[in-house]
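Before any comments, here is the structure.
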Amino acid sequence: MQVASACPLAQAQGVHPGMALARARLIADLDIRPADPEADRHALTRLALMAARRWTPRAGLSGPDGLWLDLAGSAHLFGGEQAFCDRVVRFCARIGLTARIAVAGTYGAAHALARHGAAPVILCPNGRETERIAPLPLDALRLDSAMLGTAHRFGIERVGDLFAMPRAPLQRRLGRGALIRLDQALGRVEEPFDPVLPEERPFIRLNLVEPISTPEAIRTVIGDLVTGLARQLLERGCGARKLMLTCSRVDGEDQRVSIALARASRDPAHLLRLVTMKVEEIEPGWGIEAMAMTAVRIEPLAPEAVAGALSGTDPVADLAVLIDRLATRLGSSCLSKSCAVQSDVPERSVRSVTPLEEVADWPSDWPRPVWLLSPPEPVDQVLASLPDRPPARFRWRGRTHIITHADGPERIYGEWWKRPSEKHRARDYFQVEDKDGARFWLFRRGDGVDPASGDLSWYIHGVFG
Amino acid sequence: MTYVELQATSHFSFLRGVSSPQELFETAAALGYPALGITDRNTVGGLVRALVAAEATGTRLIAGCRLDLVDGQSLLVWPEDRAGWSRLCRLLTLGKSRADRKKGEKGQCFLHWEDVDAHAQGLVAALVPDKADDATAQVLGLVADIFGDRAHLALNLRRRPGDAVRLYELDRMSRRFGITSLATGDVLYHAADKRRLQDVVTAIRHTCTIDELGFRRERHADRHLKDAAEMERRFADYPQAVRATAELAERCTFSLRELSYQYPDEVVMSGRTPQQALEQMSWAALRARFPDGVPDAYGRTLTHELTLVGKLGYAPYFLTVHSIVQYACSQGILCQGRGSAANSVICFVLGITSIDPVRTELLFERFISEARNEPPDIDVDFEHQRREEVIQWIYETYGRDRAAITAVVSRYRTRGAVREVGKALGLTTDVTEALVKQVWGWSREDVGEAHAQAANLDSGDHRLALTLDLARQLIGTPRHLSQHPGGFVLTRDRLDDLVPIEPAAMADRQVIEWEKDDIAELDFMKVDVLALGMLSCLHRAFDLIERHKGDRVTLGNLPDDDPAVFGMIQRADTIGVFQIESRAQMSMLPRLKPREFYDLVIQVAIVRPGPIQGDMVHPYLRRREGKEAVSFPSRQLEAVLGRTLGVPLFQEQAMKVAIVCAGFTPEEADQLRRAMATFKFTGGVTHFRDKLINGMIASGYAEEFAERTFKQIEGFGSYGFPESHAASFARIVYASCWVKHHHPDVFCAALLNSQPMGFYAPAQIVRDAREHGVDVRPVCINRSRWDTTLEEQRGRYRAVRLGLRLVKGLANIHVALIVAAREEGPFASVEDVWLRSGVPVAALERIADADGFACLGVDRRQALWRLKALGEAPLPLFAAADAREEGREPVVTLTSITDGGEVVADYHATSLSLRAHPVSFLRAELDRLKVRRCGDLARIRNGARIEVAGVVLIRQRPGAGNAIFMTIEDETGIANIIIWLRLFEAQRQIAMGCSMIGVKGTLQREGEVIHIIADRLQDHSPLLLTVGSRDRPGSDGALKLRSRDFH
């Protein structure tokens, strides 16, 4: 495991990127978090999109932690390059980032100066790239590690060292790529640029001739919106996971409702039904003059085969439809599914998952009660002989039960790796049937031999159906 | 009849059981069991250990095995007699032979019901059922057919729902088939608190964490050994199943002791008995050695030895070893016997050893004694590069079904245990690595909170505390079986009638399931075919001497009393010399001042953890230096200890003291010696404490003297040498010193060509040679071969040309191509090498990195420049065209490397530099910091407080004691540092981790021996990083030095 990056305080103490984590720990007390390149990239993309909206139409990603901006034609809008750079640095500081900027005539030179130059803000006049990048180290040219290694072995340390050397021998030894990078930095060769494109989501808007305020009218318009949106989704080959309906009122305020789906869908009837459930939440006020619907979250959805009369089988009921309807009415946090956990301790043997998640089957070898009491309730007046005979009677919630049949003990140990207190604990479970035929699941704390394993108190943990 | 536990799993079921046979038997004895059955999974590897434990605790061992068949069924088997045991071994051998190494099935066993059927006679069996269903019924029928009245069905109480019903139905089913039920406990560990460790090894086995283990854990409860009364109570409904256990225990009377020892037949016999053959050969050899008449002493000794050997029937043993050694000598392979065999005249005259026991007055009883009823133990060292030939010859001669290698059980050491347990408990690798780094290399030291804190981890964390606790318990548990490097077992009967064999890692090798100690326990014949690097080195040296100087020198004909050689040894000028080059040895040499061969024998034996702990070194040295009077309380003691000035140094002396002064019988004395020799069995010698002291008092010695003597003998507990062993080694030491003194050029070359070996790295060997006036020349494309060679005379010695084998990353085949191409004439240019040799450019780059093209007038950078222009193998058609084009390339000037850079590049490429030492570039800074030079230490007064700095060569912590020894080196020499344990713990990271260190401390001088006692360490590694290019440290210019760490 290695250090990916370190804050200035850590670096001052000697921790630097690339160092083994075990060694870094020895140097200082560190707050260690796992690196998440995916999330970093995501955040950087959002930053680039924002830059594309606010500062310049062409913005792209540069490496894992940088942006390229094409300032042609936009610098003057911000009062010149210096002012623009200061503004960007201030903006980044506000959102918690330390920024370094360089402006130059070529991307290669700008990259080199931003990452390896001395000052945090560098402006290189057009045509002066050669002299500005000459003193920089060779890494500034974006060469790959093999080229860098070879160059170092030749004693080539600075960019300027390359200028004087004849090109053909250099190309032969370092590869064509090295020369291309050099030429890109010096402006002799064009460099392609890959700007980010903001995504467009399916969107449909209907302006109404007259303001409406009745639920029926609203429902009709929603129906048209849904049909149009479904067509857009079909064209894209996607289904919607989240829809937002925006109603613009005459007085300028917007009313928004949104629905979420458990599985992507573009079925107009299904979408219509879900949205219609939320109509009561809309307050028309003096009237609604326009309504718009956006598919906020979409997912790819393959075309479905239509079940025709020839197929002969009944279509399988789709659980997702039911879940969507329930979730929309009750809220998705109310729905869950139980599944088994591989644990002997009954309290831990069940967990909740989302309704559609794939789970393994329930283990079927040993009988377990249908109803598990949580927490287990104490029972008293228990008559049982140690160490491993089942009880002859017990009392629970005021009623005494006389036992006629029993099976057990099933000895379950505590999970010692979870909590230190469970190291020695054991429970002996008994499945008992009383004389009325009711079956219960009792346990006794302790194995009856070792006092550390439990205090020999009795509980009831479940009832069999 | 009471219950007997028949199904217990030891930790030889790798990663399933967690209790040693010792622990199981001790618990069984404490619970009052008369016998205990051990059934490991598809192996009998632990049974000899179990036998030893059984005999120690008084509980009988019932040997057994649990066969896990391919179809998933499990069968417990116990052999009832010797024939049954043979069948079991053959069965396991068959199953293991089917394991396909390439599919990663090493160690696995594949058995089918047909195999069981074919080997069923003499075995009592019990099926281990799961549910009482049709599948079980079917298998049960099969078992009944195969085993008849020896078939059983095992009943376990699992503590799971439906247990009672299950047992009832199983019992009924068994009755239906006419099979007896057998109650067993399915024991997995000896005490209930081992459950956690068992869960952890299950997680390790499934390579997942304990949280993810889920139902793969052993879910059935109560797997510890319970007492008989409890088991009878649990099986109160099945008294016949309980009775069956006792009946089975009585029926299976087989004991591993019945596997008597086995000597292979020897080809030499031809009509004579082995004893006759041995006598004839020995006398003939003795007469040949003394053609003018055999002296009385030799004749008497030989007669005595041969009589004893005849009485005990050991002649075949000697014949076997003799034939192996004969073969080796016929092939010109250097070899020498070691160990107590050197006490025997028979071995000496037959050429097995090269020590004359009569002249050196060694005790034959140390080797073989009538009281001790075990075969002799002869180890033979062969030169390590040709040992394989000897091994193959052994296989061919004795046959693959009668020769095999003994196993070595690899056990968890501290680092491995911490890693595996940490991973199983979900700790991230950086945490476990941090812990592991604090633990010394290959130790078995305990790991505790101190380590956690030293690694800056929170030792209160629950999982971390669990890791430390469980890792401690795991240390010493077997992991898997691997093969011993050279221990052979040779038998007369078929091997697989005695012990299961499995195919080994190397092709055409087979390994038995037992280790060397197990073999010794059962008195099988074993021969250790060992490899000694120094013998290869000597062989090379002798060859070089013959080639370049014309003398034919051998181990046998060296004059062994050359005063110049002893003078060199007394000065501790012994870098590179086997056995006396360590720091500890070198500091002892100027004090001991060896003057003759026997002094060397003492020197080799004296500097070992044993004598040091037994407080024997100092008295001996004091007496030798004349600081203490040499006196003996009695004439008897003088006879025994005279040669070592009254201080017992050797195992044989300890034995003789016990016999002569304390009235031990030879048998008891031998037991004492064995207790001393098996250092794993700690606390063994203390048994004899009272006997010895009382015996000596009874013979009239003072109590204080008796106690002192016992303490000295107890110090042997960890490691004491037999005298003959020391003598054999001393022979090699002397030969090496002789070569080093008279032919340092040859010594340097031979040593470099035998690397890796010994204490020091090539850099130190070369430096030492240069200090002795040898001209060492760098690697050169036009002059070097693969090996280091000698060139023309340069002053007193020949010049040494470093071989291309020192260049990292260079393959032998490429060098061979270069040398072959060079036959036609030396190379003229870099391109010339490439064109004529056909070697890939990458290999030539390695040589360029080592500055090997300097003789052609190109330095590293220029050579690399030229090489990078070349493509892959040159096409003949374009060869000429290329040559023309070379001239057309414009000239390029490259910056030249700094001197420091050259040295760094030298170290990168060859791990040494002939130009300068890296520290020499830092001398200016070090002078400013008032750091002294290592070479000046001899002139500084005793007790001075000074500071030195240098690169770390060696770290050593002998016997896990209180002191850590470190050797550092700068451009002027080396310095020996002592770091006491407290300082070491306080500055552990620096002491263990840095490449260049600064030491502030006090200089301590005793005679010519100088140490620095450290009281403050400083990490100078960043300074070292700057050597490459003075203005900026970069990862490319970093100097990578690896020190060697020893115990």
Side-chain angles (χ1 to χ4, degrees), chain A residues 1-2 14 18 20-30 32 34 148-150 152-157 161 164-166 168-170 172-174 341-344 363 365-368 387-388 407-413 415-420 423-424 426 428-429 431 447 449-450 453, chain B residues 159-165 192-193 195-196 199-200 210-217 219 221-222 230 234 425-426 428-434 436-437 454-457 462-463 465-466 845 849 860-861 864-865 868-869 889-892 894-897 901 905 989 993 1029 1034-1037:
Chain A
M1 274 204 170
Q2 284 188 339
L21 188 56
R23 205 184 153 88
R25 272 182 195 270
L26 297 177
I27 296 178
D29 259 322
L30 301 170
I32 299 174
L148 274 179
T150 312
H152 279 311
R153 283 159 80 195
F154 291 137
I156 304 173
E157 305 283 344
D161 295 339
M165 302 181 85
L170 207 58
R172 213 165 161 189
R173 286 151 180 83
L174 294 184
V341 174
Q342 285 194 354
S343 168
D344 278 329
D365 40 357
W366 295 330
R368 288 287 183 253
D388 54 8
D407 179 49
E410 178 185 352
R411 181 158 293 166
I412 293 181
Y413 290 110
E415 291 176 336
W416 53 268
W417 59 91
K418 286 200 159 55
R419 288 186 312 177
K423 193 162 103 166
H424 297 292
D428 277 357
Y429 277 79
Q431 187 187 1
D447 60 9
V449 173
D450 180 7
S453 64
Chain B
R159 295 289 196 220
R160 296 285 98 178
D163 242 357
V165 175
D193 59 4
R195 184 169 51 91
R196 296 179 304 155
D199 285 338
V200 167
I210 192 110
D211 303 285
E212 299 162 1
L213 194 56
F215 287 159
R216 289 174 289 185
R217 271 173 62 227
R219 298 171 74 197
D222 286 353
E230 170 68 13
R234 290 184 181 210
L425 285 177
T428 51
T429 35
D430 64 296
V431 171
T432 47
E433 285 305 315
V436 151
K437 262 184 142 56
N456 228 0
L457 297 166
H462 173 49
R463 287 283 170 114
L466 272 179
E845 282 183 31
D849 285 336
R860 296 185 149 88
R861 280 194 178 154
L864 199 62
W865 183 260
K868 281 294 188 187
E889 243 196 17
V891 170
V892 171
L894 298 167
T895 52
S896 51
I897 317 180
Q989 291 95 297
S1029 43
S1035 55
D1036 198 43

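Reminder, nothing fancy here: chain letters follow the sequence lines and each chain counts from 1.
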Counting heavy-atom pairs under 4.5 Å to chain B, which of A/Asp428, A/Asp407, A/Ile412 comes out on top?
A/Asp407

Among A/Lys418, A/Met165, A/Lys423, single out the residue with the greatest number of heavy-atom pairs under 4.5 Å to chain B.
A/Lys423

Check whether [X] gets within reach of chain A through its side chain, its backbone, both or neither, counting any heavy atom under 4.5 Å.
{"X": "B/Leu864", "value": "both"}
{"X": "B/Ile210", "value": "both"}
{"X": "B/Arg463", "value": "side chain"}

Heavy atoms only: give me the nearest A/Arg173-B/Ala869 pair and the separation to one decimal.
NH2-CB, 3.0 Å

Closest heavy-atom pair, A/Gly18 versus A/Gln2, reported as atoms and distance to 0.1 Å, is O-NE2, 3.4 Å

Please answer whether the main-chain N or O of A/Glu410 pairs with a side-chain N or O of B/Arg160 as donor and acceptor at a distance below 3.5 Å.
no

Using modelled atom types and a 3.5 Å cut-off, is there a donor and acceptor pairing between side-chain atoms of A/Arg411 and backbone atoms of B/Asp222?
no

Per-residue tally against chain A (heavy atom, under 4.5 Å) across B/Ala164, B/Gly162, B/Ala192 peaks at B/Gly162

Most contacts with chain A, counted as non-hydrogen pairs under 4.5 angstrom, among B/Asp849, B/Leu213, B/Asp193, B/Ile897:
B/Asp849

Is the cationic atom of B/Arg219 (NZ for Lys, CZ for Arg) positioned less than 6.0 Å from the six-membered ring centroid of B/Phe215 and within 45 degrees of its normal?
yes

Of the backbone (N, CA, C, O) and the side chain (C-beta and beyond), which part of A/Val449 lies under 4.5 Å from a heavy atom of chain B, both, or neither?
neither

Using distance alone, with no hydrogens and no angle criterion, decide if B/Asp199 and A/Trp417 have a side-chain donor and acceptor under 3.5 Å apart.
no

